[in-house]
Number of protein chains: 2
Amino acid sequence: MAVTDEAIEKIKGMIVSGALRPGDRLPKESELAAELGLSRNSLREAVRALSLIRILDVRQGDGTYVTSLDPQLLLEALSFVVDFHRDDTVLEFLAVRRILEPAATAMASALIDDDQLDALSAQLDALGPAPSVEELVACDLKFHRDIVGASGNSVLCSLLDGLSGPTTRARVWRGLTQEDAVSRTLHEHRMILGALRDRDAEAARSWATVHVASVEQWLRSTL
Amino acid sequence: MAVTDEAIEKIKGMIVSGALRPGDRLPKESELAAELGLSRNSLREAVRALSLIRILDVRQGDGTYVTSLDPQLLLEALSFVVDFHRDDTVLEFLAVRRILEPAATAMASALIDDDQLDALSAQLDALGPAPSVEELVACDLKFHRDIVGASGNSVLCSLLDGLSGPTTRARVWRGLTQEDAVSRTLHEHRMILGALRDRDAEAARSWATVHVASVEQWLRSTL
DNA sequence: CCTCCCTGATACCTCCGATGTATCCGGCCA
DNA sequence: TGGCCGGATACATCGGAGGTATCAGGGAGG
C-alpha cells in the first residue's frame with residue numbers, strides 16, 4: 001500500500017481509537033510526517049483527502065483540527081459524491097427518497113412543536129402569488145428540510161439532504177415545463193402541514209408519499 | 001480558495017459536464033498541472049482526494065482514470081465516513097436502516113427469482129448446528145445484501161450496505177452476550193425467506209421490520 | 001487603565017527539481 | 001509462434017525554499 005494510504009489509515013485509526021478526539025489539534029505537518037515516517041508532501045495528500053470528506057479541518061496559519069464528526073457534517077460529503085451521478089440514476093435516488101421522506105414526515109408529526117408549525121405556515125404564506133422558479137425550489141427544499149429536521153434523527157435528515165441534491169435540477173425543469181405543478185406542489189405542502197398539525201402520522205406519511213411520487217412519475221414519463 | 005480546491009472543482013466540473021466520461025484517462029500529471037495552472041504537487045493532492053472517494057482511479061506506471069461512477073462504487077465511500085461515527089449515533093443509523101431495509105425487502109419480493117431464492121435457502125442450510133459468531137455475522141450480512149440486491153435499486157443497495165457497517169459490531173456483541181439471539185435470528189431469516197417465496201410483500205416487510213427492530217431494541221437497552 | 005496597531009513566531013500553502021518504482025509495449029531470441 | 005527482456009512512460013516519494021494567513025504579545029495613544 002502506498003505511504004499516503006497508510007497515513008490515511010493511521011490518522012483514521014487515531015480518530016476511531018479515540019487518541020484524537022473531535023476538535024483536537026493534530027501535530028504540525030513536519031512533526032506528524034516524521035511521526036508517521038513519510039514526507040510532508042505525501043502527508044499533505046492524506047490530510048487533503050480527509051479534509052475533503054470533512055474529517056479534518058485545515059486552517060492556514062493556525063493548524064489542522066479534527067472536525068466535530070457530526071453526522072450532519074460527514075454526510076455533507078455525500079452530496080459531493082451524489083453530484084457525480086448522471087441523470088439515468090436520478091430515478092434510483094428518487095426511489096430511495098420516496099422511502100425515507102414519508103417515514104421522516106411521519107416521525108416529525110409526533111415531535112414537531114407549535115412554534116415550528118407556525119414557522120412553516122408563515123413560510124408558505126410568504127410566497128407571493130407568482131413566485132419565480134428559483135424561489136419555489138428554495139422554498140420547497142427548506143420546507144422539507146425543516147420537517148425532516150423535526151424527525152429527531154440527524155442521520156436521516158442529512159441523508160435526505162444529500163439525496164435531494166440531484167432531484168433539485170429535476171424540480172427546476174418541472175417548474176419550467178409543467179404549468180400546474182406549482183399550484184399542485186403548494187397544495188401538497190399545505191396538506192402535509194395540515195396532517196402535521198393534526199398529529200396524524202399516517203396522513204402525513206401518505207401526503208409525503210404522494211408528493212415525492214408525483215415528481216417521480218413526471219420524471220419517469222419525461223426521461 | 002486554495003489552488004488545490006480549485007483543481008478539485010475543475011476536475012469535478014470536467015466530469016459532470018461530460019468532458020471526461022467514466023473510464024476516460026486523464027492527461028498525465030505534468031500536463032494536467034500545466035493545464036490547470038498549478039504544480040504537480042498540488043494537483044496530486046486534488047487527485048488523491050478524488051481518489052479516496054472513488055471518483056478517480058490512479059494506477060502507477062499507467063495513468064489516472066475516471067472510475068465507472070457506479071452508485072455502488074461511489075457509495076462505498078460512505079462506509080469509510082460512517083466508520084468515524086461513535087457508538088452514540090449508531091442508534092440513528094439503525095433507525096434509518098429500519099426504514100430502508102423493510103422497504104427494500106418488500107420490493108425484492110416482487111423481483112427476486114426462484115434461483116436466487118434457492119441460493120438463499122442453501123445458504124441458510126449451509127450453516128452448521130453451532131456456527132461461530134463470525135460465521136453468523138457474515139451469513140447475516142450476505143443474506144440481507146442478497147435480498148436488497150434483488151430490490152432492483154442499486155442506490156438503495158449500496159446505501160444499506162454502507163449503513164450496515166457500524167451495526168456489525170453491535171451484532172457481534174449481541175451474538176456474544178445474548179444466548180437465544182442466534183436461533184431467533186435464524187428463525188427470522190427463514191420467515192423472511194418464506195414471505196419472499198410467497199411473493200407476500202407485506203409479510204416480507206413486517207418480518208424485516210421485526211428483524212431490525214429486535215437489534216435496535218437490544219442495543220437501546222444496552223447503551 | 002483600556003484599546004488599538006504593529007510585529008514576530010508559528011503553521012499551513014505552493015512550488016521546483018530529482019530519484020525511485022510499477023506498468024506497458026515493442027523487439028529479440030529460442 | 002511464444003516467451004523473455006529492456007526502453008519508454010507515468011505515477012510515487014522525497015527534501016528544500018519561499019510565500020501567506022493567523023495568532024499572541026508588546027508598545028503607543030486615548
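The sequence lines fix the lettering, A, B, ..., with proteins before strands; numbering per chain opens at 1. All values below come from the heavy atoms of this structure, side chains included, with hydrogens, waters and symmetry mates left out.
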* Taking atom CD of Gln123(B) as the centre, report whether more than 12 heavy atoms of other residues, nucleotides or ligands fall under 6.0 Å from it. => yes
* Asked: Contact class for Thr4(B) vs. all strands (heavy atom < 4.0 Å): base, sugar-phosphate, or nothing?
  -> sugar-phosphate
* Nucleotide dG20(C), atom P - distance to CG of Asn41(A) in whole Å -> 17 Å
What side-chain donor-acceptor pairs closer than 3.5 Å can you find for residues 20-32 of chain B, not counting sequence neighbours?
{"residue": "Asp24(B)", "atom": "OD2", "partner": "Arg21(B)", "partner atom": "N", "Å": "2.8"}
{"residue": "Arg25(B)", "atom": "NH2", "partner": "Asp62(B)", "partner atom": "O", "Å": "2.8"}
{"residue": "Glu29(B)", "atom": "OE2", "partner": "Arg44(B)", "partner atom": "NH1", "Å": "2.7"}

* Could you check if a side-chain atom of Arg48(A) sits within less than 4.5 angstrom of a side-chain atom of Thr4(A), using non-hydrogen atoms only? => no
* Structure fact -> On DNA chain D, more 5' by nearest nucleotide between Arg40(A) and Val3(A) is Val3(A)
* Asked: Given side chains that start at C-beta, do those of Gln116(B) and Asp146(B) come closer than 4.5 Å, heavy atoms only?
  -> no
* Please find the earliest and latest nucleotides of DNA chain D, in the 5' to 3' direction, that have an atom within less than 4.0 Å of any heavy atom of chain A. => dT13(D) to dT22(D)
* Structure fact -> Test side-chain contact (heavy atoms from CB on, under 4.5 Å), reference Val47(B), set Ile55(B), Val58(B), Ile8(B), output is Val58(B)
* Inter- and intrachain pairs under side chain to side chain donor-acceptor pair (under 3.5 Å), touching residues 9-18 of chain B, at least two apart -> Asp83(A)-Lys12(B)
* Asked: Restricting to pairs with a member in residues 103-115 of chain B, which pass salt bridge (Lys or Arg N to Asp or Glu O under 4.0 Å), not counting sequence neighbours?
  -> Asp114(B)-Arg199(B)
* Using heavy atoms and a sub-4.0 Å distance, could you list which residues of residues 42-64 of chain B are near DNA chain D? By number, please. => Arg44(B), Arg48(B), Val58(B), Arg59(B), Gln60(B), Gly61(B), Asp62(B), Gly63(B), Thr64(B)
* **Which residue lies more 5' along DNA chain D, comparing Gly37(A) with Arg25(B) via nearest heavy atoms** => Arg25(B)
* Taking only residues two or more places apart in sequence or in another chain, which ones pass side chain to side chain contact (heavy atoms under 4.5 Å, CB included) with Ser121(A)? -> Leu193(A), Arg197(A)
